[in-house]
Student: 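Before I ask anything, let me first share the structure, which is written out below as C-alpha cells.
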Amino acid sequence: MIQHHINTFIANYLIEKKLDFDDWTVSQNTKKDFGEFSSNLALKLAKHLKKSPLEIAENIVKESAGISEIFTLSASAPGFINFHISNQYYYTVLKKILKEGENFGKKRTHNKKANVEFVSSNPTGPLTVGHGRQAILGDIISNILTWDGYSVTREYYYNDAGKQMRVLAESCYAKYAALCGENVSFPENGYVGSYIDKIAQKILDLKGASLKPEDKIFREFTENEIFTDIQNTLNRIGVKFDVFSKEGQFYSNGSIDKILEFFAKNNLSYVKDGAVWFKTSHYGKEEDKVLVKSTGEPTYRLPDIAYHADKVDRGFDLIVDVFGADHIDTYPDVILGLECLNKKTDHIKVIIHQFVTLKKGGEIVKMSTRKANFVTLDELVDDLSPDIIRYFFIMRGANSHLDFDLDLAKDDSEKNPAYYLQYAHARISNLLKRYSQEMGDNKVDTNYENLKSQDELNLLKILSDFPDRMNDIVSSLEPRRLATYLEEVAAAYHKFYGNQKVINPADIKTSTDRKDLCRAAQIILKIGLSILGISCPERM
RNA sequence: GCCCCGGUAGCUCAGCAGGAUAGAGCAACUGCCUUCUAAGCAGUAGGUCACACGUUCGAAUCGUGUCCGGGGUACCA
C-alpha cells in the first residue's frame with residue numbers, strides 16, 4: 001500500500017523532469033536507520049545524467065521537501081533516497097485493520113474461478129507422508145486463492161482404468177487365492193502391503209471362496225476400499241475435495257479417440273513398431289514420446305492430455321497443478337499436447353514440490369514405494385494433531401527438500417516451532433479477556449499517538465505490511481511465505497508483549513491504544529492462520 | 001550424457017523480480033516469572049552464503065563453468 005505511494009511519487013518526479021527512465025526499484029529496509037523504504041533511483045540515474053548519484057539523490061530530496069504528508073526524504077551514500085514513513089500513516093492503517101477486520105487487505109472482489117488439482121494419487125495403497133505434503137500444499141494454495149476472491153474447485157484426479165489398477169486387482173486376487181489355500185503366482189511388481197491382505201480377507205468373508213480371477217470385485221471392491229481410506233485420511237487433516245475425476249471417463253466418452261484422430265490427421269503423431277508416437281521432437285524435445293503402447297494401452301500422457309483439455313474446457317481462469325518432483329519431466333508433454341489441440345495453456349500454473357524424508361530418532365526413515373515399508377500419512381495423524389502436521393509440511397518452501405522431524409513434531413514443549421504462532425494468538429485472547437475484566441469496555445477516542453516505542457511501531461509496521469505480503473503470496477502461491485510472515489508478526493508481538501504492559505488503569509489512553517494494537521495483531525494472525533488451516537486457540 | 005531442484009551458523013532451513021551491518025528454530029552458554037500466559041523475552045557464542053570467473057556503483061541473490069546431494073531422463077504413473 002505504502003509502496004504504491006512511493007512508486008507514484010517517483011514516477012511523477014520523472015514525468016515532471018521529462019525523464020523517460022524506468023530502471024529503478026523501491027525496496028524495504030531491514031535496518032531502519034535509513035527509513036522504512038529506499039530507492040536506487042539516483043544510483044541508476046547517475047550514468048544517464050552523468051552526475052554523481054549522491055548529488056542527484058540530494059537534489060531530489062531538496063526539491064521534494066514537504067511534498068508528501070506520508071513520508072519525508074533523506075539521501076545517503078552511495079546515493080540512496082530514503083523514505084521515512086510518518087507514524088501518522090501507520091496509525092491510519094491501524095484504524096483500517098480494526099474497521100475492516102478479517103476483510104483487511106482484500107482487494108476488490110472479482111468473479112474468477114480457479115481449479116486446484118492435487119494429491120491425485122491412484123488408489124493402489126494408503127497415502128504416504130509424501131502425499132501429505134502435497135495435500136497440505138494444495139489445500140493451502142486453494143485457501144490463498146479463495147482469500148484472493150477466486151471461487152476454487154479442489155480436484156482429485158485418479159487412474160481407475162490403467163495398468164496399475166489391473167496389477168492391484170491381480171495382487172488382491174493372488175492374496176485371496178492364497179487365503180483359499182490355492183497356489184497362484186503373485187503378479188510381477190504386485191502390491192504386497194498388508195492392506196491388500198485385509199481387503200482379500202474381506203472379500204473372502206463377503207463372497208466366499210469360489211471367485212474367479214476375472215471377477216470384477218477384485219478391482220472394484222479393492223479400489224473402493226482403498227479410496228475410502230484415502231478420503232478418511234485426508235479428512236483427518238482437514239483436506240476435502242470438491243471434485244473427483246476418474247481417468248476412465250475419457251475412454252468412455254470418446255475424448256481419447258478424438259485426440260488420437262486429431263493428432264493423426266494433423267500430422268502430430270505416427271505409428272512405429274506397433275505404437276503411436278507423439279512428435280514431441282518437432283517441438284524442441286529430445287525424442288518422441290509414446291502415446292499408445294504396442295499392446296494397445298495408452299500411456300499416462302494420453303489420458304492426462306484429455307483430462308487437462310477437459311479442465312481447460314470447463315472455463316477456469318486459473319488452473320493449478322500440484323505435483324511431486326517425480327513429475328518434473330512429464331507435465332511439459334501434457335502442456336505441449338494441449339497446445340497442439342489449440343487449447344489455452346497460459347493460465348495453467350504447475351507447482352512442483354520436492355520430496356519428504358521422515359526423521360525419527362535423528363535418523364532418516366527410508367521409504368520405498370511398493371515394498372510396503374513406507375510410513376503412512378494415517379500413522380502420522382495418529383500421533384500428531386492436524387495443526388502440527390499442517391505447519392510442519394509448509395515449514396519449508398516447496399522447492400526445498402523437507403525433513404519431517406517426527407521427534408520435534410511430537411515434542412509438546414516450547415521447542416516445537418508450530419506453537420509459536422498459536423501462542424501469540426492465545427496470549428492476545430487472554431489479554432483481551434483480562435482487559436475487559438479490569439478496564440471495562442468503555443470507548444475512548446484515540447489517534448493512537450501513544451504508540452511510539454520501537455516495539456509498538458515495529459509491530460504496527462509489520463501488520464501494515466500484510467496486504468503487500470499477501471499480494472506476493474497470491475502471485476507466488478508459496479504458502480511458506482505466509483508462515484514466514486506470521487512468524488514475523490508473532491515475534492514482533494511477543495517482543496512488544498514482553499516490554500510493554502497493556503493493562504494500566506492509571507493511563508487509560510495508552511492502555512486503549514495498546515489494546516487496539518493487540519486486537520489488530522490478533523486479526524492478522526487469525527486471517528493468516530485460517531488460510532494455513534491452523535486453529536486459533538483462545539488459550540494454551 | 002542431458003534436463004529440473006537444492007548446497008547459507010554444529011543441525012534443519014528462511015532470505016534470492018540485485019541494495020547498505022546475511023536471519024530464525026533446534027543444539028551450547030548467561031540472565032528474566034509475588035506484575036496482562038515463561039509454549040515467552042533479553043543476551044553470548046557460532047558464517048570465506050559449495051568453489052571459480054564474469055556482469056554491476058553494489059552479488060547469498062543475475063550469467064557461465066566446476067564440485068557435491070536429490071529427482072527425472074521408460075511402450076511405469
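Naming convention: chains lettered A, B, ... in sequence-line order (proteins, then strands); numbering from 1 in each chain.
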Student: Which protein N or O atoms sit under 3.5 Å from an N or O of nucleotides 16-19 of chain B?
Tutor:
residue, atom, partner, partner atom, Å
B:G19, N7, A:Asn40, ND2, 3.3
B:G19, O6, A:Asn40, ND2, 3.2

Student: Can you find a donor-acceptor pair, distance only, under 3.5 Å between A:Ser294 side chain and B:C75 base?
Tutor: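 Yes, the side chain and the base share a sub-3.5 Å donor-acceptor pair.
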Student: Given B:U12, B:G72, B:C41, which nucleotide is nearest the side-chain atoms of A:Asp329?
Tutor: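 Selected nucleotide (nearest to the side chain): B:G72.
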Student: Measuring from the side chain of A:Gln164 (C-beta onward, heavy atoms only), which nucleotide among B:G6, B:C75, B:A77 has the closest atom?
Tutor: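 Out of B:G6, B:C75, B:A77, the nucleotide with an atom closest to A:Gln164's side chain is B:A77.
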Student: Between A:Met439 (CE) and B:C36 (C1'), how many Å, whole number?
Tutor: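 About 11 Å, once rounded to whole Å.
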Student: Let me know which of A:Ile56, A:Ile60, A:Leu54, A:Val61 forms a side-chain contact (heavy atoms from CB on, under 4.5 Å) with A:Glu58.
Tutor: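 Of A:Ile56, A:Ile60, A:Leu54, A:Val61, side-chain contact (heavy atoms from CB on, under 4.5 Å) with A:Glu58 is met by A:Leu54 alone.
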Student: Are OP1 or OP2 of B:A27 and a side-chain N or O of A:Lys415 less than 4.0 angstrom apart?
Tutor: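 Result: yes.
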Student: Calculate the interatomic distance between A:Arg519 atom CZ and B:C36 atom P; express it in whole Å.
Tutor: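 After rounding, the reported distance stands at 22 Å.
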Student: Here's a test of your reading of the structure: between A:Phe355 and A:Ile328, which maps to the more 5' nucleotide of RNA chain B?
Tutor: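 With A:Phe355 and A:Ile328 compared, the 5'-side residue is A:Ile328.
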Student: Do the ring planes of A:Phe278 and A:Tyr283 sit parallel (below 30°), tilted (30 to 60°) or perpendicular (above 60°)?
Tutor: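 Tilted.
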Student: Taking only the C1' atom of each, what is the distance from B:C49 to B:A59 in whole angstrom?
Tutor: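 That atom pair is separated by 11 Å.
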Student: Between B:A74 and A:Thr299, counting only base atoms on the nucleotide and side-chain atoms on the residue, is there a donor-acceptor pair under 3.5 Å?
Tutor: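 There is none.
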Student: Syn if the chi torsion is within 90° of 0, anti otherwise; quick check, which is B:C16?
Tutor: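 B:C16: anti.
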Student: Mind checking if A:Glu478 touches a base, just sugar-phosphate, or nothing, with heavy atoms under 4.0 Å?
Tutor: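 Contact class for A:Glu478: none.
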Student: Between B:C5 and B:G46, how far apart are the C1' atoms? Round to whole Å, please.
Tutor: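 The answer is 29 Å between these two C1' atoms.
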Student: So which nucleotide from B:A38, B:A20, B:C36 ends up closest to the side chain of A:Phe34?
Tutor: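 Among the listed nucleotides, the one closest to the side chain of A:Phe34 is B:A20.
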Student: Counting side-chain heavy atoms from CB outward, which of B:U37, B:G71, B:C36 is closest to A:Ala426?
Tutor: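 For A:Ala426, the side-chain atoms sit closest to B:U37.
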Student: Picking from B:U12, B:A77, B:A39, which would you name as closest to the side chain of A:Tyr300?
Tutor: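 Closest nucleotide among those given: B:A77.
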Student: Indicate whether OP1 or OP2 belonging to B:A14 is found under 4.0 Å from a side-chain N or O atom of A:Ser400.
Tutor: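 For A:Ser400, the contact criterion (side-chain N or O under 4.0 Å from OP1 or OP2 of B:A14) is met.
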Student: When the P atoms of B:A77 and B:A60 are compared, how many Å lie between them, rounded to an integer?
Tutor: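 Nearest-Å result for B:A60 against B:A77 at atom P: 46 Å.
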Student: If you measure from the C1' atom in B:A17 to the same atom in B:U61, how many Å do you get, rounded?
Tutor: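 Their C1' atoms lie roughly 10 Å apart.
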Student: Reckon A:Asn399 touches a base, only the sugar-phosphate, or nothing at all at heavy-atom distances under 4.0 Å?
Tutor: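 A:Asn399: backbone/sugar contact only, no base atoms under 4.0 Å.
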Student: Mind checking if A:Glu287 touches a base, just sugar-phosphate, or nothing, with heavy atoms under 4.0 Å?
Tutor: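 Here A:Glu287 touches the backbone only, sparing every base.
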Student: Using the P atom as the reference point in each nucleotide, state the distance between B:C67 and B:C29 in Å, no decimals.
Tutor: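 Those two atoms are separated by 42 Å.
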Student: When all nucleic acid strands are considered with a 4.0 Å heavy-atom cut-off, which category describes A:Ala325: base, sugar-phosphate, or nothing?
Tutor: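 Touches sugar-phosphate only.
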Student: Say you pick atom C1' in B:C41 and the same atom in B:G25; how far apart are they, in whole Å?
Tutor: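 Each nucleotide's C1' atom is 15 Å from the other's.
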Student: For A:Lys293 and A:Ser413, take the nucleotide of RNA chain B holding the closest heavy atom to each; which residue's nucleotide lies nearer the 5' end?
Tutor: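 Closer to the 5' end of RNA chain B: A:Ser413.
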Student: Could you check whether A:Asn430 gets within reach of a base, just the sugar-phosphate, or nothing at all, counting any heavy atom under 4.0 Å?
Tutor: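 Base: the residue A:Asn430, judged by heavy atoms under 4.0 Å, touches a nucleobase.
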Student: Between B:C51 and B:C68, how far apart are the two C1' atoms, rounded to whole Å?
Tutor: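 Straight-line distance between the two C1' atoms is 11 Å.
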Student: Just the rounded figure in Å: distance from P of B:G6 to NE2 of A:His401.
Tutor: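 Nearest whole value for this atom pair: 9 Å.
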Student: Could you tell me the separation between the CG atom of A:Asn499 and the P atom of B:G31, rounded to a whole number of Å?
Tutor: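 To the nearest whole Å, that distance equals 20 Å.
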Student: Report the residue from A:Lys501, A:Arg514, A:Lys495 that forms a salt bridge (charged side-chain N to carboxylate O under 4.0 Å, His left out) with A:Glu456.
Tutor: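 Of the listed options, the one satisfying the test is A:Arg514.
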Student: Have a look at A:Lys47 and say if it touches a base, only the backbone sugar-phosphate, or nothing, with a 4.0 Å heavy-atom cut-off.
Tutor: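 The answer is sugar-phosphate, as A:Lys47 gets under 4.0 Å only of primed atoms, P, OP1 or OP2.
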Student: With a 4.0 Å cut-off on heavy atoms, is A:Asp273 in touch with a base, just the backbone sugar-phosphate, or nothing at all?
Tutor: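 Base contact.
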Student: Can you tell me how far P of B:G25 sits from CG of A:Leu421, to the nearest Å?
Tutor: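 Taking atom P of B:G25 as the reference, CG of A:Leu421 is at 12 Å.
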Student: With a 4.5 Å heavy-atom cut-off, do A:Tyr435 and A:Ser511 have their side chains touching?
Tutor: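 Yes; the side chains approach each other to less than 4.5 Å.
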Student: Whether A:Arg480 contacts B:A14 is assessed here as follows: a side-chain N or O lying under 4.0 Å from the phosphate OP1 or OP2. Is that the case?
Tutor: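 So the side-chain polar atoms of A:Arg480 never come under 4.0 Å of the phosphate oxygens OP1 or OP2 of B:A14.
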Student: Taking the six-membered ring for Trp and the full ring for Phe, Tyr or His, determine whether the centres of A:Phe355 and A:His401 are under 6.0 Å apart.
Tutor: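 Ring centroids of A:Phe355 and A:His401 are no less than 6.0 Å from each other.
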Student: Identify all stems in which RNA chain B takes part, counting only runs of at least 3 consecutive pairs (Watson-Crick or G-U wobble, each distance under 3.5 Å), and give each as one range with another, ordered by first number.
Tutor: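 Ordered by first number, the stems with RNA chain B (at least 3 consecutive pairs each) read B:1-7 with B:67-73, B:10-13 with B:23-26, B:28-32 with B:40-44, B:50-54 with B:62-66.
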Student: Testing A:Phe241, A:Phe118, A:Phe244, A:Tyr307 one by one against A:Tyr157 for a ring-ring contact (aromatic ring centres under 6.0 Å, His included), which residue passes?
Tutor: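 Running ring-ring contact (aromatic ring centres under 6.0 Å, His included) over A:Phe241, A:Phe118, A:Phe244, A:Tyr307 with A:Tyr157 returns exactly one hit, A:Tyr307.
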Student: Quick one: which of B:C5, B:C13, B:A39 gets closest to the side chain of A:Tyr423?
Tutor: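 The answer is B:A39, which lies nearest to the side chain.
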Student: Check whether A:Trp277 forms a cation-pi arrangement with A:Lys272 (NZ or CZ under 6.0 Å from the six-membered ring centre, at most 45° off the ring normal).
Tutor: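 Yes, a cation-pi geometry.
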Student: Considering the options A:Ile6, A:Thr8, A:Asn7, which one meets the side-chain contact (heavy atoms from CB on, under 4.5 Å) requirement together with A:His4?
Tutor: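 In the set A:Ile6, A:Thr8, A:Asn7, the residue that makes a side-chain contact (heavy atoms from CB on, under 4.5 Å) with A:His4 is A:Thr8.
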Student: More than 12 non-hydrogen atoms from neighbouring residues, nucleotides or ligands closer than 6.0 Å to CG on A:Asp22, yes or no?
Tutor: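 No, because the 6.0 Å sphere around CG of A:Asp22 holds 12 heavy atoms or fewer from other groups.
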Student: Quantified in whole Å, what is the P atom distance between nucleotide B:G23 and nucleotide B:A42?
Tutor: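 It works out to 15 Å between them.
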Student: Please state how far atom CD1 in A:Ile352 lies from atom P in B:U73, giving the value in whole angstrom units.
Tutor: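 A:Ile352 atom CD1 is separated from B:U73 atom P by 13 Å.
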Student: Separation of A:Leu431 atom CG from B:U37 atom C1', in whole Å?
Tutor: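 Rounded to whole Å, this separation is 10 Å.
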Student: Just compare B:C41, B:A39, B:C75 and give me whichever is closest to any side-chain atom of A:Tyr420.
Tutor: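 Closest nucleotide to the A:Tyr420 side chain: B:C41.
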Student: Taking the six-membered ring for Trp, is the centroid-to-centroid distance between A:Tyr423 and A:His494 below 6.0 Å?
Tutor: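 They qualify: ring centres under 6.0 Å apart.
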Student: Of the nucleotides B:G6, B:A77, B:G70, which has the atom closest to the A:Gln354 side chain?
Tutor: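 The answer is B:G70, which lies nearest to the side chain.
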Student: May I ask you to verify if any side-chain N or O of A:Lys495 is less than 4.0 angstrom from the OP1 or OP2 atom of B:A42?
Tutor: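 Yes, such a contact exists.
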Student: Take atom CG of A:Leu525 and atom P of B:G40, then tell me their distance rounded to the nearest Å.
Tutor: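 Distance check: A:Leu525 CG to B:G40 P gives 14 Å.
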Student: Taking the side chain of A:Asn122 as heavy atoms from C-beta outward, which of B:A77, B:C41, B:A39 is closest to it?
Tutor: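 For the A:Asn122 side chain, the nearest candidate turns out to be B:A77.
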